[in-house]
Amino acid sequence: MSLKDQILTDKLPNHVAIIMDGNGRWAKQRGMLRVLGHESGAKSVRDIVEASAEIGIKNLTLYAFSTENWKRPKLEVQTLMKLLVKSLKKEIKTLQENNIRLLAIGCLHDLPKKAHQELSEVIDKTKNNTHMTLTLALSYGSREEIVKVIKELTDKVKNNIISVESIDESIINKHLYTHDLPDVDLLIRTSGEQRISNFLLWQIAYAELYFTDILWPDFKKNDLYQALINYQNRERRFGKTSEQLS
Ligand code: FPP
């Protein structure tokens with residue numbers, strides 16, 4: 001049986017998030033410039049979006065650029081932004097044909113004007129698509145997101161819009177960038193690193209974590225299927241006992 005056929009479609013994670021890591025090392029191993037690693041990484045993005053939509057995953061979130069990534073060499077940052085614009089222009093047709101809605105989370109106003117414009121345009125054009133939601137985390141940092149939530153809530157308390165007592169998990173969820181998305185069920189990180197790197201700290205509270213040594217440009221459909229099979233073999237207890245679940 002192929003890997004794809006081993007996936008139980010009624011036990012799919014509702015939300016898969018991916019830390020796409022290893023583009024630089026992939027390029028270095030081949031004696032290439034880091035930017036070529038990112039270009040190759042963009043091909044994996046296409047492959048994984050396609051595989052996720054085919055298999056029926058409803059929400060896919062990709063960590064494309066962190067708030068910390070602005071500290072990278074200027075040329076690399078510029079190339080990543082150009083790659084974003086190029087990919088958006090190229091893939092809008094595929095998103096429409098496959099009924100995929102695009103969202104973005106993060107400090108989007110920090111993006112170069114062109115990237116921000118292109119992004120807003122694709123988000124708007126795909127806003128009524130229903131098969132899958134693809135979210136790009138861009139200039140995203142989870143701590144920044146949490147600080148933003150605290151500021152918005154304290155402001156609302158100060159102006160008597162809400163009371164302190166009314167603050168609960170659902171209000172916090174509503175103020176996160178991810179307010180339109182369910183909690184993450186499966187978080188994948190490629191390249192052998194085993195850390196979260198300021199990604200969706202609140203949203204992964206009960207996510208299953210999956211780490212693989214494969215570098216992002218080498219991560220293809222079968223690798224996603226492998227991660228999904230691994231996920232389906234786990235028991236998610238959400239604090240309960242095994243016996244309670246059965
Ligand atoms: C991490 O690899 C990757 C990134 C910081 C950027 C991810 C970007 C892409 C996959 C390109 C295209 C994305 C879109 C949405 C079109 P790294 O550079 O940190 O690798 P390293 O740890 O080996 O140096």
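Atom set for the values below is all heavy atoms of this structure, side chains included, hydrogens, waters and symmetry mates excluded. Every number for a ligand or one of its atoms is a count from 1 in the order of the listing.
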Engineer: Going by heavy atoms, is R34 under 4.0 Å from ligand 1?
Structural biologist: yes
Engineer: If the cut-off is 4.0 Å to any non-hydrogen atom of W216, which atoms of ligand 1 fall inside it?
Structural biologist: 10 (C)
Engineer: Could you tell me which atoms of ligand 1, counted from 1 in the order shown, lie closer than 4.0 angstrom to a heavy atom of S87?
Structural biologist: 16 (C)
Engineer: Under 4.0 Å from any heavy atom of G24, which atoms of ligand 1 are there?
Structural biologist: 17 (P), 18 (O), 20 (O), 21 (P), 23 (O), 24 (O)
Engineer: Identify, by atom number and element, the atoms of ligand 1 in contact range of N69, meaning under 4.0 Å from any of its heavy atoms.
Structural biologist: 5 (C)
Engineer: Have a look at R25, H38, M20 and point out the one with the heavy atom closest to atom 22 (O) of ligand 1.
Structural biologist: R25
Engineer: Under 4.0 Å, heavy atoms only, figure out whether ligand 1 is touched by the backbone of R72, its side chain, both or neither.
Structural biologist: side chain
Engineer: Just to confirm my output: which protein heavy-atom neighbour is closest to atom 7 (C) of ligand 1, and how far is it?
Structural biologist: A64 O, 3.5 Å
Engineer: Less than 4.0 Å between a side-chain N and a carboxylate O, is that true for K156 and E152?
Structural biologist: no
Engineer: Between E68 and R143, is there a salt bridge with N-O shorter than 4.0 Å?
Structural biologist: no
Engineer: Enumerate the atoms of ligand 1 whose separation from the nearest heavy atom of N23 is less than 4.0 angstrom.
Structural biologist: 2 (O), 3 (C), 7 (C), 8 (C), 9 (C), 10 (C), 17 (P), 20 (O), 23 (O)
Engineer: Is there a salt bridge (Lys or Arg N to Asp or Glu O under 4.0 Å) between D124 and K127? Walk through the geometry before answering.
Structural biologist: CA-CA 5 Å; D124 190 55; K127 67 174 186 278; 3.1 Å; yes
Engineer: Scan side-chain atoms only and decide if E235 and S242 contain a donor-acceptor pair under the 3.5 Å cut-off.
Structural biologist: yes
Engineer: Please determine if R72 forms a cation-pi arrangement with W70, meaning its NZ or CZ atom is less than 6.0 Å from the six-membered ring centre and no more than 45° off the ring axis.
Structural biologist: no
Engineer: So, for Y231 and L12, which heavy atoms are closest and what is the spacing to 0.1 Å?
Structural biologist: CE2-C, 4.3 Å
Engineer: Report the part of L62 in contact with ligand 1, treating N, CA, C, O as backbone and CB onward as side chain, heavy atoms under 4.0 Å; options are side chain, backbone, both, neither.
Structural biologist: neither
Engineer: What do you reckon, does G22 put a non-hydrogen atom under 4.0 Å from ligand 1?
Structural biologist: yes
Engineer: Where is the nearest protein heavy atom to atom 14 (C) of ligand 1: which residue, which atom, and how far?
Structural biologist: V45 CG2, 4.3 Å
Engineer: Can we say E50 and R46 salt-bridge, meaning some charged N sits less than 4.0 Å from an Asp/Glu carboxylate O?
Structural biologist: yes
Engineer: I need the single residue from L181, N14, V16 that forms a side-chain contact (heavy atoms from CB on, under 4.5 Å) with K58. Which is it?
Structural biologist: N14
